Amino acid sequence: MDQRHPPRLSIREILHPKSVAVFGASDNRDKFGGRIMYFLTRHHFGGRIIPINPRRNEVFGHRAYPTIGECPENVEVAILAVPPRELAGGVVDCAAAGVGCCVIMTTGFAEAGAEGAARQEEIAAISRRSGMRIMGPNCMGFLNPAWRLTLSSSIVLDAERLLVGEIGLVSQSGALMVSIFDRAYGNGIGFSACVSLGNQSDLEICDFIEYMIDDSKTRVICVYVEGFVDPARFVKVAAASRVAGKPLIVLKTGRTPAGVKAARSHTASLAGSYDVFSAVCREHGVILTDDPTVMVRLADLLVRWPTLRGDGIGVISGSGGSTGILSDRICEAGLRLAELAPATKAALGEILLPPQADNPIDLGGRIAPESVEIAGTAMRALAADSDVAIILMALSSMPFFEARTRLLAAEGLASGKPVICSILPGPAADRPRAALRELDCPFFESPEDGMLRVLGHLIERYHTVAAAEPRQRPTAISPAPSLPPGSIEATELSAVLRQYGVPLAREVMARNMDAAVAAATRIGFPVALKGVARNLVHKSDAGAVKLDLRDETAVRQGWRDIAAAVASRHSDAIEGCVVQEMVQGGAELIVGIKRDAQFGAVVLVGSGGILVELLRDIELATAPLSHARALGLLRSLRLAPVFDGVRGQKPLDLEEAADVVVRMSWLAADLGPRLVDAEINPLVLRKRGAGVVAVDVRATILARD
């Protein structure tokens, strides 16, 4: 690969160019180049606009040039929407003319197959050799509203004006970028910058996230991604965004096999394991969503109210039906209605009947005669309550509809707490909606219009730990264990796990039946017998496990049964059996480690035993882990109530289980790229103070380089 030449422009300079060139510029707005020229002039871009068209002397009042090389001044950014066969020549011309960045809208590259991938590599090589940056191909350009710059051909830019905001948007999909821009525009939401990157042949998503972290005009960052060029770099920028206090909201496709297929066909991206990606995001405070509208509405609320004072929700409405519906939705979403203080209820009781003088508040149950003012009185009381962190207004047709809406919103916003409105659609609500827009109070058309999902993300962020937890290496373990490559049996892995401080069940490897009987006698009956053969992974499925063997006769019969089962179902001959003590406990876990192709070492914990795949009660995290994080994973399992004791059973030793998870996570980190996977299944939890025992272990390790 060519050595990269230093870049001609920084990301900030690309997004704030003093001059732009439009290839294929035209006065015809039915053409890509015509729309780009029209939008640049319509929105009054303050820099120099340079049309490139060999058949025109002027386009939209700007002097045109036949080629970029004939332009007498330096061009910082050029946008190209030309046929694929002409693109390479245009890119070469731009590089020779000293252009700083080419924005390539043309499609038919890596997303279209091997031939397209070769064409994409050709233009990427030009970028590396020259230092000219490339955005795309297969992108929709970018927007910088504050710079009045619209380097895109999308019809959504045929808007009255560009809304300037503090949300940065980076999207791998160009069509989705402009659709999000359009939906946000309809809600009065502006952006600091909107960037589409397509195939990421040169400039990639993390380049622009890094810029937005440093950009004082951006307070929240939204990202749509199908696949990362450099996953490790994303982890770093996610951590940096957290340190900078800038929420990072990500929508990623590839959550399902169908999504992975769509992502590959769209931009030739390789989508990794979504479960692992989710774990990475949780650990770095990244907010994951699956809906672009929810993403941008959440970003808007985080710009308005970066921090919450709690998680209690106060509801106020002019309709008992609306309060009932919204209260049900809140509880069904796992959110919490605020508990009003006695003083708050007393203040509400002066204007409302007792059933309505509580959360949720129904303004229809009034004591005083009908008036606009009671709405303001009730809102002030609700907003002043210490347990109310967020105020929801559920508005439907009511007396003094517009005036009451205006008063409720004004008084709520004056409290400094987040105020969100749900207003049912219909012409009667047109003027109340206009009042909400005038007051800049965010509103949704109904609770089902993404409002509660946005609210859930907002509250989830409130509960997220602000700082990364320290990851301390457990005592008495040394790194870089010596393990042979291939599937590692318990007998080969046990010494390493003991080195890492993992408590193992007592066991002896027996090479023949008589040795197994002798081992069982030393260990003490009852015992378990487990067949050993190279690459035999799921022993129970192969009939290679016999449990609760209580005497010599049972051990001998168990040996014969295992040998016969392995011979009939497995290609490798039996090498012997592990004789192991029978371990009893109150719960079984699986503790696994694996290496993800994109994000490195990962730890899995879950409900263990033979039903692990059926139950799928699992949690993931990247390695290594802190003890607190390991406890958090275990507490997140559906199995978690068992840890505290159920039906008279004593609590289990969760602290020791978390310690094993931590130690396994360090084994994963130490093995590095050699790790394929390893697991303990089951890890048996005994009562608190009695510890835990690893019963069955296995691993697959790659050879050293």
Side-chain angles (χ1 to χ4, degrees), residues 14 17 20-26 28-40 50-55 59 64-69 75-97 99-130 132-143 149-157 171-178 194-205 226-227 229 264-269:
I14 291 170
V20 297
V22 181
F23 277 61
S26 168
N28 184 351
R29 288 163 56 186
D30 290 334
K31 297 181 178 180
F32 285 111
R35 288 198 298 275
I36 295 169
M37 288 295 301
Y38 170 69
F39 296 140
L40 285 170
I50 302 160
I52 305 298
N53 188 327
R55 293 177 295 277
V59 178
Y65 296 91
T67 66
I68 190 74
V75 174
E76 293 189 334
V77 176
I79 185 165
L80 299 86
V82 299
R85 64 183 179 277
E86 300 176 16
L87 182 64
V91 173
V92 168
D93 291 345
C94 286
V99 172
C101 176
C102 280
V103 179
I104 301 176
M105 299 179 63
T106 308
T107 61
F109 291 88
E111 81 281 3
E115 184 179 342
R119 288 197 298 267
Q120 181 169 306
E121 173 54 29
E122 182 181 0
I123 62 174
I126 296 169
S127 168
R128 291 192 296 270
R129 290 194 300 267
S130 66
M132 179 181 70
R133 306 313 306 263
I134 289 179
M135 192 180 297
N138 186 28
C139 79
M140 193 65 81
F142 68 89
L143 318 172
L149 177 59
T150 53
L151 271 186
S152 177
S153 64
S154 174
I155 59 173
V156 306
L157 297 174
S171 175
Q172 200 169 345
S173 166
L176 190 62
M177 178 196 79
V178 293
C194 297
V195 180
S196 72
L197 293 168
N199 294 5
Q200 304 184 93
S201 66
D202 173 32
L203 289 170
E204 54 121 326
I205 284 171
E226 294 163 4
V229 173
R264 285 175 174 165
S265 64
H266 187 40
T267 57
S269 298

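Note that this is a predicted model, so its numbers are computed, not measured.
E122 pairs by the side chain to side chain donor-acceptor pair (under 3.5 Å) definition with nothing, not counting sequence neighbours. Remark: V229 pairs with Q200, E204 by the side-chain contact (heavy atoms from CB on, under 4.5 Å) rule, at least two apart or across chains. With sequence neighbours left out, the side-chain contact (heavy atoms from CB on, under 4.5 Å) criterion links S153 to F32, R35, I36, M105, M140. For S127, the side chain to side chain donor-acceptor pair (under 3.5 Å) partners are D202, not counting sequence neighbours. Under the rule for a side chain to side chain donor-acceptor pair (under 3.5 Å), R29 has no partner lying at least two apart in sequence or in another chain. Take D93 and apply the side-chain contact (heavy atoms from CB on, under 4.5 Å) test, not counting sequence neighbours, and it matches I68.
To the nearest 0.5 Å, atom CG of residue N53 and atom CZ of residue F23 are 11.0 Å apart. Atoms CG and OG, on L197 and S171 in that order, are 8.0 Å from each other to the nearest 0.5 Å. Going from atom CD1 of I79 over to atom CD1 of I52 covers 13.0 Å, rounded to the nearest 0.5 Å. Distance SG/C102 to CD1/I123: 8.5 Å, rounded to 0.5 Å.
When every heavy atom of S201 is checked against every heavy atom of I134, the shortest pair comes out as OG-CG2, 3.6 Å. Contact record, A110 with N199: N-ND2, 3.5 Å, taken as the closest heavy-atom pair.
A heavy-atom distance below 4.5 Å is found between the side chains of I14 and L203. Contact check for L87 versus L80: side-chain heavy atoms found under the 4.5 Å cut-off. Looking at L149 and L40, their side chains come closer than 4.5 Å, going by heavy atoms from C-beta outward.
In terms of modelled atom types and a separation under 3.5 Å, the side chain of S196 and the main chain of G141 share a donor-acceptor contact. Listed for the T106 side chain is a donor-acceptor partner under 3.5 Å among the backbone atoms of V82. One N or O on the side chain of Q172 and one on the backbone of G227 form a donor-acceptor pair closer than 3.5 Å. Put simply, the side chain of T150 never gets that close to the backbone of S152: no donor and acceptor are under 3.5 Å apart. A donor-acceptor pair is defined here as one N or O able to donate and one able to accept, closer than 3.5 Å; such a pair exists between the side chain of N28 and the backbone of D30. Judged by distance alone, with hydrogens and angles left aside, the side-chain atoms of Q120 form no donor-acceptor pair with the main-chain N or O of A118 at under 3.5 Å.
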#### Entry: Candidate pair M135 and I104, rule side chain to side chain contact (heavy atoms under 4.5 Å, CB included), full reasoning
CA-CA 6 Å; M135 192 180 297; I104 301 176; over 6 Å; no
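Listed by first and then second residue, the salt bridge (charged side-chain N to carboxylate O under 4.0 Å, His left out) pairs involving residues 75-91 amount to none (not counting sequence neighbours).
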